[in-house]
Amino acid sequence: MTTTRAGGVSKPPFATFNLGDHVGDDPVAVAANRRRLADAIGLGEGGVAWMNQVHSSTVAVVDHGGGSVDDTDGLVTTRPRLALAVVTADCVPVLMADARAGVVAAVHAGRVGAAGGIVARALETMTDHGADVADVSVLLGPAVSGANYEVPEAMAAEVEQALPGSRTRTGRGTPGLDLRAGIAAQLRSLGVRSIDVDPRCTVADRNLFSHRRDNPTGRLASLIWLEPAS
């Protein structure tokens, strides 16, 4: 699941459901929003694990929530009813699950992390904990689209070399990046067969936070968790 801007207590420019604790918002408001989210999904604050994201290729395995894992951009768990949360405002939230094996992951894939292999690293960590790549399903959540992600030509070429399929042209015909296309291509090359893409562009959709459009602004949260086998 992915949140929108609506339903929280943060004041402009973070209005209203900001879930990022590193963007300059009132910490009291962010904490209230996180409690509201945890209660809404029925897991409580101790049932959500957050990250202090740093655009790295570091993945952590967790078995409890109620706090944030420092200096990481991917979380993996085998524990039922522990939600893994990733916060974004243009970067790609990547949610992955092998329901058969009981392994899930949440990944923050910005330009640097995606090119650095964070998604492949998370998939590898999942397989280390029993997942079968052929059984993994992936959702690439709302992010800046290629039509709105303009970058210098050299940057587009650099990312394309590291993450083939990412390079594109923007709606204005300038060099651009479509990170979701590059990540999807990478996942297919690694054997993942089930990949869904949320079509929403964070820049174009004003119901979503976008750093490129509105900086400073808040952060959306995308979450994934396992329900116990019945």
Side-chain angles (χ1 to χ4, degrees), residues 2 19-23 48-63 65 67-78 82-98 101 103-133 136-144 146 149 151-152 154-168 177-192 195 197-198 202 211-212 219-224:
T2 299
L19 294 155
D21 62 359
H22 61 294
V23 295
V48 183
W50 301 87
M51 294 180 274
N52 290 324
Q53 301 162 185
V54 292
H55 296 278
S56 69
S57 57
T58 301
V59 176
V61 179
V62 294
D63 61 7
S68 295
V69 180
D70 286 335
D71 300 333
T72 192
D73 288 86
L75 296 176
V76 171
T77 194
T78 58
L82 172 60
L84 308 179
V86 51
V87 297
T88 58
D90 288 330
C91 296
V92 184
V94 184
L95 304 178
M96 303 194 285
D98 179 344
V103 187
V104 295
V107 180
H108 168 246
R111 173 179 56 82
V112 174
I118 182 65
V119 177
R121 179 73 186 105
L123 184 63
E124 179 184 20
T125 305
M126 290 179 70
T127 61
D128 288 344
H129 286 78
D132 184 333
V133 170
V136 171
S137 298
V138 177
L139 173 65
L140 305 180
V144 57
Y149 193 0
V151 297
M155 181 180 290
E158 179 183 4
V159 174
E160 176 67 19
Q161 183 175 14
L163 191 69
S166 299
R167 188 172 182 169
T168 190
L177 291 172
D178 185 342
L179 292 181
R180 287 182 290 190
I183 292 168
Q186 180 186 57
L187 287 166
R188 286 192 293 268
S189 76
L190 294 170
V192 177
I195 304 170
V197 180
D198 187 315
T202 47
H211 177 80
R212 293 179 71 87
R219 296 294 184 270
L220 312 168
S222 297
L223 302 96
I224 187 169

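Since the model is a prediction, treat every value here as computed from it, not as a measurement.
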Least distance between heavy atoms, G130 atom then A101 atom: O-CB, 3.3 Å

Donor-acceptor pair, side chain of R180 and main chain of D198, under 3.5 angstrom: yes

Main-chain N/O of V144 paired with T202 side-chain donor or acceptor, under 3.5 Å: yes

Side-chain donor or acceptor of D73 paired with backbone N/O of S56 under 3.5 Å: yes

Short side-chain to backbone donor-acceptor contact, D98 and D132, under 3.5 Å: yes

D128 CG to L123 CG distance, which is reported to the nearest 0.5 Å: 10.0 Å

Non-hydrogen side-chain atoms of H211 and R219 separated by less than 4.5 Å: yes

Minimum side-chain heavy-atom gap M51-V86 below 4.5 Å: yes

Side-chain donor or acceptor of D178 paired with backbone N/O of T168 under 3.5 Å: no

Minimum heavy-atom distance between V136 and M96, given as atom pair plus value: CG1-CB, 4.2 Å

Closest non-hydrogen atom pair, T88 against V92: CG2-C, 4.3 Å

pair V94-V138: side-chain heavy atoms closer than 4.5 Å: yes

Point-to-point distance, once rounded to the nearest 0.5 Å, from OG of S166 to CZ of R111: 11.0 Å

Evaluation steps, side-chain contact (heavy atoms from CB on, under 4.5 Å), between L19 and L220: CA-CA 6 Å; L19 294 155; L220 312 168; over 6 Å; no

Any donor-acceptor pair under 3.5 Å from T72 side chain to T58 backbone: yes

Test item: T77 side-chain N/O and V62 main-chain N/O as donor-acceptor pair under 3.5 Å: yes

Contact summary for S68 and D21, nearest pair of heavy atoms: OG-OD2, 4.3 Å

Polar side-chain atom of Q53 near backbone of V87 as donor-acceptor pair, under 3.5 Å: yes

Heavy-atom side-chain proximity of Q186 to L163 below 4.5 angstrom: yes

Closest contact, heavy atoms only, R121 versus S57: CG-O, 3.6 Å

Gap separating the CG atom of L75 from the NE2 atom of H108, nearest 0.5 angstrom: 12.0 Å

Heavy-atom closest pair, residues G165 and A181: O-CB, 3.5 Å

Check against side-chain contact (heavy atoms from CB on, under 4.5 Å), L95 and L84: CA-CA 9 Å; L95 304 178; L84 308 179; over 6 Å; no

Evaluation steps, side-chain contact (heavy atoms from CB on, under 4.5 Å), between L179 and V159: CA-CA 9 Å; L179 292 181; V159 174; 4.3 Å; yes

Student check: side-chain heavy atoms of I195 and I183 closer than 4.5 Å: no

E124 atom CD: more than 12 heavy-atom contacts under 6.0 Å: yes

